[in-house]
There are 2 protein chains.
Amino acid sequence: MRRTKPGKSARSQPLIAAPVKVSGNAPIDYGVLRTHLGYFLRRLQVEIFKDFIKTLAKFHVRPAQFSVLVLIGTNPGRSQAEIGKALNIERARLAKMLHELERRRWVSRCSAVNDGRSHSLYLTPSGTEKLDRIKALAASHERRLTARLGKERWQKLIDLVRDFG
Amino acid sequence: MRRTKPGKSARSQPLIAAPVKVSGNAPIDYGVLRTHLGYFLRRLQVEIFKDFIKTLAKFHVRPAQFSVLVLIGTNPGRSQAEIGKALNIERARLAKMLHELERRRWVSRCSAVNDGRSHSLYLTPSGTEKLDRIKALAASHERRLTARLGKERWQKLIDLVRDFG
DNA sequence: TATTGTTATACTCTATAACTATA
DNA sequence: TATAGTTATAGAGTATAACAATA
């Protein structure tokens, strides 16, 4: 269904036709977008995650899953509410994610002794072993990123975004 | 070595929750996550977008739509391929987005004179007027962000992430 | 053959709401 | 009443593939 026939909606045409502006010649002007920090932060973050996701793909681990596994490994016995709050992951989403990690036998959940509603989270031995190898891959990703940005730039950036308190 | 300046410039609030102390328990240890720049970039970007999305909600404009409108406004007559490439938006997704913007009569598409496959993109007068008001809102968001981060930190960050490619 | 735009599907992530069981 | 976890839905964004029209 072609809806743009030549000669229609001439009102929106520029009054002066651009002379010979062939596609791809003149660079795109980003306009006010250049004043928006959020835009560039997102572009960079997406670019970084592209390599990160590819790096962890062989273990079928997504970035959010990685962060959950790391926090469970470093903070065994914590509840879903605590892990979720620390990572800013909705409890509904975390519940679904943990089902998958439990299905893989990487994570185990036990009823908390002091609160029947809570589940205490632990890595299984298998999960611990897998996470160690995944961490090694993640570290290789970070080395690539550091090399790409330059050590100094990487350090400046992480200092600026890590400790805002 | 720079000491803390006693100026009135309000210390920026923490954007990323520092290790959260939950119910009298020990704070969460982020472990190796603290070595991953991508993690903190994403946390900060999501936090920033939260305000941005809320700010533009009254016009029912999403961040990606905003970036497309800005680029069409600043670069009238460019094709979907050019706009999409500049913003790193898949052509399939951009096509769907442009259908919506065309439905609102903010954007018009004409067959390119030199290439029958391409569509030249323009803002309609209505779209131009809307975008001006949306830009004003976006600017107010950026002022809030600058105040929140502190002018100096905001400037350092945008200098580091702008033109990373 | 390659490119432009379109349509379609699948998956991740976010944001809700409603529900249960416990406190 | 409030909290912890579960289930469900809806929407945005990303990544594909297949297709028609055009180069």
Atom-to-atom span, [atom1] of [X] to [atom2] of [N] - whole angstrom:
X        : N      : atom1 : atom2 : result
A:His60  : C:dC11 : NE2   : P     : 12 Å
A:Ile89  : D:dG5  : CD1   : P     : 13 Å
A:Lys54  : D:dT14 : NZ    : P     : 17 Å
B:His119 : C:dT3  : NE2   : C1'   : 13 Å
B:Ile53  : D:dG13 : CD1   : C1'   : 11 Å
A:Glu100 : D:dT6  : CD    : P     : 14 Å
B:Lys85  : C:dT3  : NZ    : P     : 11 Å
A:Phe52  : C:dT12 : CZ    : P     : 15 Å

Between the side-chain atoms of [X] and the base atoms of [N], is any donor-acceptor pair under 3.5 Å?
X        : N      : value
A:Arg62  : C:dT12 : no
B:Arg117 : D:dA21 : no
B:Arg93  : D:dG13 : no

Residue pair B:Pro63/A:Lys96 against DNA chain D: nearer the 5' end by closest nucleotide is A:Lys96
Closer to the 5' end of DNA chain D via nearest nucleotide, is it A:Val46 or A:Arg109?
-> A:Arg109
Report yes if a side-chain nitrogen or oxygen of B:His99 is closer than 4.0 Å to either non-bridging phosphate oxygen (OP1 or OP2) of C:dG5; otherwise report no.
-> no
Phosphate OP1/OP2 of C:dT6: any B:Gln80 side-chain N/O under 4.0 Å | yes
Just one of A:Thr74, A:Leu71, A:Leu87 clears the side-chain contact (heavy atoms from CB on, under 4.5 Å) bar with B:Ile28, so which one?
-> A:Leu71
5'-most contact on DNA chain C: B:Leu98 or A:Arg91, nearest heavy atom basis?
->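 In this pair, the answer is B:Leu98.
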Nearest-nucleotide comparison on DNA chain C, the residue closer to the 5′ end among A:Gly116 and B:Arg42 |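 With A:Gly116 and B:Arg42 compared, the 5'-side residue is B:Arg42.
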Given ring-ring contact (aromatic ring centres under 6.0 Å, His included), test A:Tyr39 with B:Phe66 step by step and report yes or no.
-> CA-CA 10 Å; A:Tyr39 171 73; B:Phe66 175 73; 9.2 Å; no
Given [options], the nucleotide with the shortest approach to the side chain of [X]:
X        : options               : answer
B:Asp115 : C:dC13, C:dT6, D:dA23 : D:dA23
B:Ala92  : D:dA17, D:dT6, D:dG5  : D:dA17
A:Ala81  : D:dA4, D:dT14, C:dT6  : D:dA4

Any ion pair linking B:Arg43 and B:Glu47 (charged N to carboxylate O, less than 4.0 Å)?
->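 Salt bridge: no.
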Partners passing side chain to side chain contact (heavy atoms under 4.5 Å, CB included) against B:Ser126 (at least two apart in sequence or in another chain) |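 B:Ser126 satisfies side chain to side chain contact (heavy atoms under 4.5 Å, CB included) with B:Trp106, B:Thr124, B:Lys130 once adjacent residues are dropped.
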Exercise: do A:Arg78 and A:His119 side chains pair donor with acceptor under 3.5 Å | no
